[in-house]
Amino acid sequence: MLVLDFWTFCCVNCLHVLDELRELEERHRDVLVVVGVHSPKFEHEADPAALAAAVERYEVHHPVLDDPELVTWSAYAARAWPTLVVVDPEGYVVAQMAGEGHASAIAALVDELVAEHDAKGTLHRGDGPYVPPAPSSGTLRFPAKAIELSGGNLLVADAGHHSLAELLPDGETLVRRIGSGERGLADGGPDDARFAEPNGLCLVPVELRSWLEYDVVVADTANHVLRGVRLADGHVTTVAGTGEQFMVGGVENVVLREGRGADVTGHGPAAPGGQYPPLDVRLSSPWDVTWSQDLAAFVVAMAGNHTLWAFDGEQGSMTHLAGTMNEGLEDGPGESAWFAQPSGLAVGADRAIWVADAETSALRRVTPVPGRGVEVRTAVGQGLFDFGHRDGPAEQALMQHPLGVATLPDGSVVVADTYDGALRRFAPATGDAGSVGDDTSGTRLAGEVTTLATGLAEPSGVVVQVGEGPDGEPQVHLLVVESAAHRLTRVALPASLAGEVLDGGAHRTQRPVTDIGAGPLWLDVPFVPAPGQKLDDRFGPSTELRVSATPTELLLSGEGVGVELGRDLVINPEVREGVLHVTARAASCDVVPLGPDGEPDPDVFPACHLAQQDWGVPVRVVDRGEPGDVPSLTLPLRG
């Protein structure tokens, strides 16, 4: 039997699904073939070489079909990344599932299909067709971020080797490696500790190192934890996270351990302000980390659920700082702002926090406001589906999936514009850089964008180094982490720090447009629990549906949040095209077998599962068909 995984390598939810499928593939390797169908969102992802690198980077152990024109995507009526399609041994599509969190459902379905087709004699057993490519060799393998240590050495998050590499200042010579190099989650010395695709690194302030007993905080992305590393002996300790992924809207996101309360589980935080013991809260793909003096905490870019968090190791707290967990580009106070896979962080001289917001191809600025949390403003970026390489006024500039950011000595910002293979510079307009305490939420930052360098191989991190030039004047170098080239590269900047003004064009994610009739529209999001599961309403409603539109005028009614997975919408006949944004979630749990007394067996504890997906459906509004006909739009969460 076959599982088709429609994915794109920019999408963190797709990366989560790759991890979910690993165990399933191994357990059913003689009866199940997984085929990835790579249907790209960004222009860079349509490059076959970039796709081949991503397959190696994320250790995809099944065949991948390159679908750059979304032909296979359209044939299977996929509407979202990721989408899973299950095909039985006789070639019939038996299930389609959008989003992540379906591993248990697929496992239960596969077990059911194996039994059915084994009995019918239609089940074929044997080895799969996949032959893995030889892994690349070298000191670094898909490095992610780097920092400069006090003695001049460099510490690199060597994501492809699941370890940290300390290099001499030349950026090439290996001093030592921290981590065994095997994917996993294990604390201990440098030879025993295990990481899984580590990304962000941050030095601990000197005054806190003896107290915390570690010198570097690491965003251990695929393990969903933060690690503390003691440089003296390379010892690694988990300092935040349980090792399990935070599921938006799910249960068991926070575990209250003995000594801190009853041994129970409950809903995780849903809005900024929630504060939790660091080792008791699930994280979701932390991608970068930086120190904020104003917050007296490490700020964490939580790419997996589109939020920022604050980790205070001294006080022992993990605080949801900003982001609603909805994916998009919305400015304002932290509790209402939207992010989209925040993946790079840097703090400026004015102590504001700059964020590389990858999926909206945006540069954001987060300002701590005493007594009021943080305020979020956008400098560059248009939204989830607009990208490109365009310099000039910031409100018109475009980038493509940036993953790194750093600040320059003059207060400007350099961005690792990853999928454009470039370094970009944002120079705030005079008087619009803002300062701590500014109340300017909801307004974009003015400024100019230029290009400092091109031709780089997926730059994902930048280290700013200030030295002395040949004439004795200060010389700024950028140490660039070229992830797809497996190396660090130095780029010298002119004294003015200025770059070129380039226009490589604007692009928009192209997906098949759905024609919908003006007027009433029935939105249906079918969900059926997997075999052996039922909807879980122990902690409140087990389903949630959230609807909005771009432009907002597209919807005359039907926007907002509700618990039913179906809703009447009214489409504005005056708006001819736009995007419907739909978020659906459904929680289910295993059915507990009955004991001899006919009651649920008290010794069996049901596992909980959450299915979730965000859709952005491009629509074209057409005239209504037959009088009285009410059209419908079906987005199966699991069908």
Side-chain angles (χ1 to χ4, degrees), residues 11 13 16-17 77-84 95-102 105 246-251 253 267-271 284 304-307 323-328 330 336 338 340 384 511 514 516-517 519-530 533-572 578-589 608-619 621 630-639:
C11 168
N13 309 96
H16 293 163
V17 168
R79 296 183 185 273
W81 295 283
T83 291
L84 297 168
Q96 180 171 328
M97 309 174 188
E100 58 182 295
H102 295 294
F246 185 110
M247 298 296 286
V248 180
V251 298
N253 280 324
H267 281 290
S284 184
N305 56 25
H306 320 299
T307 56
T324 64
M325 301 193 187
N326 292 310
E327 185 178 18
E330 294 284 344
S336 61
W338 291 24
L384 283 167
R511 292 170 297 157
T514 299
I516 58 175
L521 173 72
W522 172 249
L523 174 64
D524 185 28
V525 183
F527 175 80
V528 178
Q533 298 176 15
K534 65 178 181 179
L535 289 174
D536 180 11
D537 58 2
R538 292 174 299 156
F539 301 96
S542 57
T543 58
E544 179 186 280
L545 181 65
R546 183 185 300 266
V547 181
S548 61
T550 303
T552 55
E553 295 79 13
L554 176 65
L555 279 179
L556 293 177
S557 68
E559 70 278 7
V561 184
V563 298
E564 299 295 329
L565 293 180
R567 188 176 302 175
D568 286 307
L569 311 179
V570 178
I571 304 300
N572 188 347
V579 178
L580 280 176
H581 303 285
V582 180
T583 298
R585 299 167 187 152
S588 59
C589 65
C608 299
H609 316 281
L610 181 75
Q612 60 176 351
Q613 179 55 34
D614 297 309
W615 290 269
V617 183
V619 297
V621 180
V630 178
S632 63
L633 174 63
T634 301
L635 303 174
L637 185 60
R638 179 173 188 268

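Not measured: the values here are computed from a predicted model. This chain uses plain numbering: 1 for the first residue, then up along the sequence.
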Can you tell me how far the [atom1] atom of [X] sits from the [atom2] atom of [Y], to the nearest 0.5 Å?
X      : Y      : atom1 : atom2 : answer
His581 : Glu559 : NE2   : CD    : 12.5 Å
Leu580 : Ile516 : CG    : CD1   : 5.0 Å
Ser548 : Trp338 : OG    : CH2   : 4.5 Å
Leu565 : Leu635 : CG    : CG    : 11.0 Å
Asn305 : Glu327 : CG    : CD    : 11.0 Å
Met325 : Thr583 : CE    : OG1   : 13.0 Å

Contact check, side chains of [X] and [Y], non-hydrogen atoms, under 4.5 Å:
X      : Y      : value
Val579 : Leu384 : no
His16  : Ser284 : yes
Pro520 : Asp568 : no
His306 : Asn326 : no
Leu633 : Arg79  : yes
Leu637 : Trp615 : yes
Lys534 : Cys589 : yes
Thr543 : Leu545 : no

Smallest separation among heavy atoms of [X] and [Y], with atom names:
X      : Y      : value
Pro82  : Val17  : CG-CG2, 3.6 Å
Trp81  : Cys11  : O-SG, 4.0 Å
Pro636 : Ala98  : O-CB, 3.5 Å
Ser588 : Gln533 : OG-OE1, 2.9 Å

Next on the checklist: Assess, by modelled atom type and distance only, whether the side chains of Glu553 and Asn572 contain a donor and an acceptor separated by less than 3.5 Å.
Outcome noted: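 There is no such pair between these side chains.
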Next on the checklist: Before you tell me yes or no, could you show the steps for Leu555 and Ile571 under side-chain contact (heavy atoms from CB on, under 4.5 Å), namely the whole-Å CA-CA distance, both residues' side-chain angles and the distance that decides it to 0.1 Å?
Outcome noted: CA-CA 5 Å; Leu555 279 179; Ile571 304 300; 3.8 Å; yes
